[in-house]
Amino acid sequence: MKTIILRTDDIHRGNLILVNQEHSYQEQHAVLCTVGTWEGADILYERTAAAALNKLIQEIGGAGQIVPVSAWRSLAEQQKIWEDSLAEHGLEFTQSYVAVPGHSEHQTGLAIDLALNQPQIDFICPCFPYEGICQRFRQKAAEYGFIERYQEDKQAVTGIGHEPWHFRYVGIPHAAMMTQRGMALEEYIEFIKAYRYGENPYIVEGKYKEQYAVSYIKANAAGQAAEIAVNDRRQYSISGNNCDGFIVSIK
């Protein structure tokens with residue numbers, strides 16, 4: 001067995017952190033790499049998510065047909081996008097399609113906006129239709145750890161309008177669980193709280209019939225560090241939820 005110390009700040013780190021209107025982004029530690037360019041500037045994306053994205057696009061034969069538009073953004077860049085959208089489109093549109101600076105998933109490095117490659121691509125609302133190569137991407141996304149983050153019927157939950165182009169990397173097996181159960185990330189984080197680490201994990205089957213035990217660890221009232229024991233002979237991942245605890249997956 002291996003003992004893992006979870007520090008207070010770790011709540012704000014990991015593939016499953018929730019960043020929305022209620023929960024701001026707290027950390028600036030993403031390891032980034034280049035996945036493309038937009039108007040001459042590099043598009044940066046979290047390294048693990050970028051590797052998964054490349055594998056997915058390769059599997060479906062989407063190279064050159066699906067292109068990145070925007071991924072990681074600094075706070076300053078998000079502020080500029082917010083202000084530019086306000087000036088061009090007004091408050092209602094901006095609140096629907098642009099996250100408030102400090103509350104954008106793009107600041108995590110785990111979110112990416114994708115587009116069908118065509119002569120004209122809109123930066124705020126790129127075209128990513130529910131057909132052809134884009135739909136094949138969508139159908140395979142969960143196998144590689146991605147979810148379509150802002151779905152049409154989840155606006156009341158996410159606080160963001162329908163964005164068919166916006167994908168979030170949450171990892172395996174979480175993407176499959178959310179997709180199969182029709183859950184937004186907000187709903188998944190609440191759902192998994194019923195399954196406590198060391199007591200009653202949620203068992204889910206992966207693509208190749210492998211099993212994952214997924215569970216939750218609540219931070220104590222003072223938000224202090226937690227200590228857990230894991231079997232170091234098994235693969236595991238631990239992510240903060242950016243709210244009140246941690247989600248553990250053991251394969």
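Throughout, numbering of the chain's residues begins at 1 and tracks the sequence. Quick caveat, the model's predicted, so the values are computed rather than measured.
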>> Under the criterion side chain to side chain donor-acceptor pair (under 3.5 Å), I'd like the reasoning laid out for Gln26 against Ser24: C-alpha separation, chi angles, the key distance, then a yes or no.
In response: CA-CA 6 Å; Gln26 302 292 320; Ser24 62; 2.6 Å; yes
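- Side chains of Ser85 and Glu83: no donor on one and acceptor on the other come within 3.5 Å.
- Around NZ of Lys207, the count of heavy atoms belonging to other residues, nucleotides or ligands within 6.0 Å exceeds 12.
- Taking a cutoff of 4.0 Å between a charged side-chain nitrogen and a carboxylate oxygen, Arg181 and Glu187 do not qualify as a salt bridge.
- Judged by distance alone, with hydrogens and angles left aside, the side-chain atoms of Asp10 form a donor-acceptor pair with the main-chain N or O of Arg7 at under 3.5 Å.
- Between the side chains of Lys218 and Tyr197, no donor-acceptor pair of N or O atoms lies under 3.5 Å.
- Applying the 6.0 Å contact sphere to CD of Glu59 captures more than 12 heavy atoms from other residues, nucleotides or ligands.
- Looking at Thr37, its side chain never comes within 3.5 Å of a backbone N or O of Gly40 through a donor-acceptor pair.
- With hydrogens and angles ignored, the 3.5 Å screen pairs a side-chain donor or acceptor of Asn241 with a backbone N or O of Gly245.
- With no hydrogens or angles considered, a side-chain donor-acceptor pair links Arg73 and Gln78 at under 3.5 Å.
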> Should Trp72 and Glu46 be marked as a side chain to side chain contact (heavy atoms under 4.5 Å, CB included) after you check the CA-CA gap, both sets of side-chain angles, and the distance that decides it?
Replying inline: CA-CA 8 Å; Trp72 174 81; Glu46 195 276 331; over 6 Å; no
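- By the 4.5 Å heavy-atom criterion applied to side chains, Val69 and Trp38 are counted as neighbours.
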> Hey, mind stepping through His106 and Asp113 against side chain to side chain contact (heavy atoms under 4.5 Å, CB included) and telling me if it holds?
Replying inline: CA-CA 9 Å; His106 283 284; Asp113 294 343; 3.3 Å; yes
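- In this structure, Gln107 contributes its side chain and Tyr25 its backbone to no donor-acceptor pair below 3.5 Å.
- Contact detail for Pro68 and Gly36: the closest heavy-atom pair is CG-CA, 4.2 Å.
- Contact of the Gln235 side chain with the Ile250 side chain is not registered, since no non-hydrogen atoms from C-beta on lie closer than 4.5 Å.
- Taking the six-membered ring where the residue is Trp, Phe167 and Phe128 present perpendicular rings, their angle passing 60° and hence far from 30°.
- Across all their heavy atoms, Gln95 and Ile160 have their closest contact at O-CD1, 4.4 Å.
- In the hydrophobic cluster analysis, where Ile, Leu, Val, Met, Phe, Trp and Tyr join through side-chain heavy atoms closer than 4.5 angstrom, Ile217 is grouped together with Ile11.
- Residue Ile133 comes nearest to Ile66 through the heavy atom pair O-CD1, 3.8 Å, listed as atom of the first residue, atom of the second, then distance.
- With contacts defined as side-chain heavy-atom distances shorter than 4.5 Å, the pair Pro173/Tyr202 does not qualify.
- Here CD1 of Ile17 is found 8.5 Å from CD of Glu105. Values are rounded to the nearest 0.5 Å.
- Under the salt bridge (charged side-chain N to carboxylate O under 4.0 Å, His left out) criterion, Glu210 pairs with no residue at all, not counting sequence neighbours.
- Ring to ring, His174 and Tyr188 are close: their centroids are under 6.0 angstrom apart.
- Judged by distance alone, the side chains of Glu186 and Asn20 do bring a donor and an acceptor atom under 3.5 Å apart.
- Leu16 and Met178 make their closest contact through CD2-CE, 3.9 Å (heavy atoms, listed as atom of the first residue, atom of the second, distance).
- Tracing side-chain contacts under 4.5 Å through hydrophobic residues (I, L, V, M, F, W, Y), one never reaches Ile238 starting from Val170; they form parts of separate clusters.
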>> Using side chain to side chain contact (heavy atoms under 4.5 Å, CB included), reason through Tyr212 and Ile203 one step at a time and then give a plain yes or no.
In response: CA-CA 6 Å; Tyr212 296 85; Ile203 306 300; over 6 Å; no
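- With hydrogens and angles left out, the side-chain atoms of Gln135 and Arg138 include a donor and acceptor closer than 3.5 Å.
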>> Could you walk me through whether Lys193 and Asp244 satisfy the side chain to side chain contact (heavy atoms under 4.5 Å, CB included) test, starting with their C-alpha distance in whole Å, then the side-chain angles of each, then the deciding distance to 0.1 Å, before giving a yes or no?
In response: CA-CA 10 Å; Lys193 288 180 182 179; Asp244 54 14; 2.7 Å; yes
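- Without hydrogens or angle criteria, Asp42 side chain to Leu44 main chain gives no donor-acceptor distance under 3.5 Å.
- A distance of 10.0 Å separates CZ of Arg13 from CZ of Phe246, quoted to the nearest 0.5 Å.
- Note that CD1 of Ile43 is 12.5 Å distant from CG of Leu32, once rounded to the nearest 0.5 Å.
- Taking OH of Tyr144 as the reference point, atom CZ of Phe137 lies at 10.5 Å (rounded to 0.5 Å).
- In this structure, Tyr169 has its ring center at least 6.0 angstrom away from the ring center of Tyr45.
- A 6.0 Å sphere centred on CD of Gln118 holds more than 12 heavy atoms belonging to other residues, nucleotides or ligands.
- The heavy-atom pair separating Ala50 from Val35 by the smallest distance is CB-CG1, 3.7 Å.
- Between atom CG of residue Asp84 and atom CD of residue Gln79 there is a gap of 10.0 Å, rounded to the nearest 0.5 Å.
- In this structure, CD1 on Ile247 lies 10.5 Å from CG on Asn15, to the nearest 0.5 angstrom.
- When all heavy atoms are compared, the tightest approach of Ala142 to Ala175 is O-CB, 3.7 Å.
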